[in-house]
Amino acid sequence: MTTQTLEVVGLTAGYGTLTVLRDANVTVEPGSVVALLGPNGAGKTTLLRAIGGLLTPTSGSVRLGGTDITGRGPTKRAAAGICLIPEGRGVFPGLTVRENLLLAVDGPLRDRYALAFETFPEIGKRLDAKAGSLSGGQQQMVALARAFLPDSSIVVLDEVSMGLAPLVIDQIFDALEVLRESGKSVLLVEQYVGRALGCADVVHLIDRGRVSGPIDPSALGEDELMSRYLGLD
Ligand code: ATP
């Protein structure tokens with residue numbers, strides 16, 4: 001699947017009468033990694049949910065390859081290549097790894113998940129284990145495996161490193177490089193600013209629902225970014 005540009009244009013969204021996100025603009029170019037950084041409650045998950053079609057915005061649009069997809073639900077967006085990996089593992093612990101992986105695909109598992117098994121060999125070896133018997137890191141790898149499917153072209157990740165040991169986080173961030181090298185684009189929300197800066201081509205800061213313009217992380221030191229990140233507004 002060819003990766004297309006994802007654009008969030010003037011997006012305002014919230015819950016009931018609560019407006020969480022105001023006039024957000026974010027562009028994810030094909031093959032790029034974009035990081036969204038901001039404090040708790042800033043609206044990061046809300047933006048990702050609006051991109052995944054789980055939340056209908058009050059105004060503004062989400063566009064894919066120039067087509068307005070704001071009215072499309074999550075299934076159609078997934079079919080169009082947007083792969084949302086939500087916060088929390090999203091793995092069914094009582095099902096085997098194989099059963100968890102089959103929830104996302106039809107057909108031969110080894111073919112469809114070839115890149116995922118190459119990137120995370122341990123999950124390919126534990127297909128018949130109950131997902132709940134795996135380590136937290138391995139469960140996150142099972143959750144992430146969908147991102148490697150050939151039909152996932154824009155991978156949207158909500159705090160994938162949450163609660164994981166540093167060595168596992170290294171593996172996860174190496175895996176993001178594999179995604180990029182395979183031509184996919186990545187939009188990630190991440191608490192570890194240093195990790196995000198290490199892999200992102202573009203950073204947006206978000207604070208109280210306001211999203212900054214695109215920032216080139218190589219043009220800005222972590223300290224400067226942190227002071228803006230903490231003192232935005
Ligand atoms: P965190 O890092 O804590 O996950 P976040 O930046 O992802 O934060 P959001 O989860 O988008 O922030 O939440 C933004 C605001 O929206 C918060 O004030 C939160 O309480 C509120 N909120 C989130 N989900 C709902 C909901 N389902 N109903 C009502 N308010 C919500």
Side-chain angles (χ1 to χ4, degrees), residues 1-87 146-147 151-160 176 179-180 183-191 193 196-197 199-217 219-220 225 228-229 232-233:
M1 181 180 287
T2 325
T3 305
Q4 297 175 307
T5 303
L6 174 74
E7 292 167 285
V8 172
V9 185
L11 199 92
T12 295
Y15 305 93
T17 55
L18 175 71
T19 299
V20 169
L21 204 61
R22 293 169 200 275
D23 192 22
N25 294 286
V26 173
T27 298
V28 184
E29 302 285 358
S32 69
V33 176
V34 177
L36 183 65
L37 306 174
N40 287 343
K44 303 179 297 293
T45 298
T46 302
L47 178 57
L48 301 194
R49 286 170 57 82
I51 291 171
L54 301 170
L55 186 73
T56 307
T58 323
S59 60
S61 61
V62 178
R63 296 179 197 169
L64 187 61
T67 303
D68 190 334
I69 59 165
T70 320
R72 294 192 199 165
T75 311
K76 284 193 173 152
R77 292 198 201 192
I82 299 177
C83 173
L84 175 64
I85 310 280
E87 197 177 337
R146 265 192 309 124
D151 29 18
S152 293
S153 61
I154 298 172
V155 180
V156 179
L157 304 162
D158 201 352
E159 297 192 14
V160 272
L176 300 190
L179 291 175
R180 185 216 306 262
K184 300 174 195 286
S185 42
V186 177
L187 173 62
L188 76 148
V189 160
E190 180 53 55
Q191 290 290 342
V193 174
L197 294 182
C199 75
D201 302 300
V202 174
V203 169
H204 288 270
L205 305 180
I206 175 167
D207 188 41
R208 282 161 281 166
R210 303 257 178 209
V211 179
S212 76
I215 296 166
D216 173 0
L220 207 61
L225 192 70
R228 284 178 62 178
Y229 167 70
L232 189 78
D233 220 41

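We use all heavy atoms of the structure for the numbers below, so side chains are in, but hydrogens, waters and symmetry mates are not. Small disclaimer: the values here were computed from a predicted structure and weren't measured. For this chain, numbers begin at 1 and follow the sequence in order.
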Run the side-chain donor-acceptor check on residues 51-71: report pairs under 3.5 Å with partners two or more places apart or on a different chain.
residue: Thr58; atom: OG1; partner: Thr12; partner atom: O; Å: 3.4
residue: Ser61; atom: OG; partner: Arg63; partner atom: NE; Å: 3.2
residue: Ser61; atom: OG; partner: Arg63; partner atom: NH2; Å: 3.4
residue: Asp68; atom: OD1; partner: Thr70; partner atom: N; Å: 2.9
residue: Asp68; atom: OD1; partner: Thr70; partner atom: OG1; Å: 2.4
residue: Thr70; atom: OG1; partner: Val62; partner atom: N; Å: 3.0

| remark: For Val202 and Pro214 the tightest heavy-atom approach is CG1-CB, 3.6 Å
| Point-to-point distance, once rounded to the nearest 0.5 Å, from CG of Leu18 to OG1 of Thr46 | 8.5 Å
| field | Non-neighbouring partners of Arg180 that pass salt bridge (Lys or Arg N to Asp or Glu O under 4.0 Å), sequence neighbours left out | value | Glu177, Asp201
| salt bridge (Lys or Arg N to Asp or Glu O under 4.0 Å) partners for Asp23, two or more places apart | none
| Are the side chain of His204 and the backbone N or O of Ser212 linked by a donor-acceptor pair below 3.5 Å? | yes
| said: Set out, in order, the CA-CA distance, both residues' side-chain angles and the distance that settles side-chain contact (heavy atoms from CB on, under 4.5 Å) for Asn25 and Val9, then state yes or no. | reply: CA-CA 5 Å; Asn25 294 286; Val9 185; 4.1 Å; yes
| field | Considering all heavy atoms, the nearest Thr5-Pro30 contact | value | OG1-CD, 3.3 Å
| said: Tell me the closest heavy-atom pair linking Ala24 and Val211, and the distance in Å. | reply: CB-CG2, 3.7 Å
| message | Has Lys44 got a side-chain atom pairing as donor or acceptor with Gly38's backbone, closer than 3.5 angstrom? | response | yes
| query | How far does CG of Leu84 sit from CG of Leu187, to the nearest 0.5 angstrom? | reply | 9.5 Å
Compile the donor-acceptor pairs under 3.5 Å between side chains in residues 152-160 and protein atoms, sequence neighbours left out, one pair per line.
residue: Ser152; atom: OG; partner: Arg146; partner atom: O; Å: 2.9
residue: Asp158; atom: OD2; partner: Thr45; partner atom: OG1; Å: 2.8
residue: Glu159; atom: OE2; partner: Gln191; partner atom: NE2; Å: 2.9

| request: Give, for atom CD of Glu29 and atom CD of Glu7, the distance between the pair rounded to the nearest 0.5 Å. | output: 8.0 Å
| Do Val33 and Leu176 touch side chain to side chain, with heavy atoms closer than 4.5 Å? | no
| query | Mind checking what makes side chain to side chain contact (heavy atoms under 4.5 Å, CB included) contact with Ala50, not counting sequence neighbours? | reply | Leu11
| Nearest heavy-atom neighbours spanning Ala196 and Leu37 | CB-CD2, 3.8 Å
| note | Rounding to 0.5 Å, atoms CG (Leu21) and CZ (Arg210) come to a distance of 10.0 Å
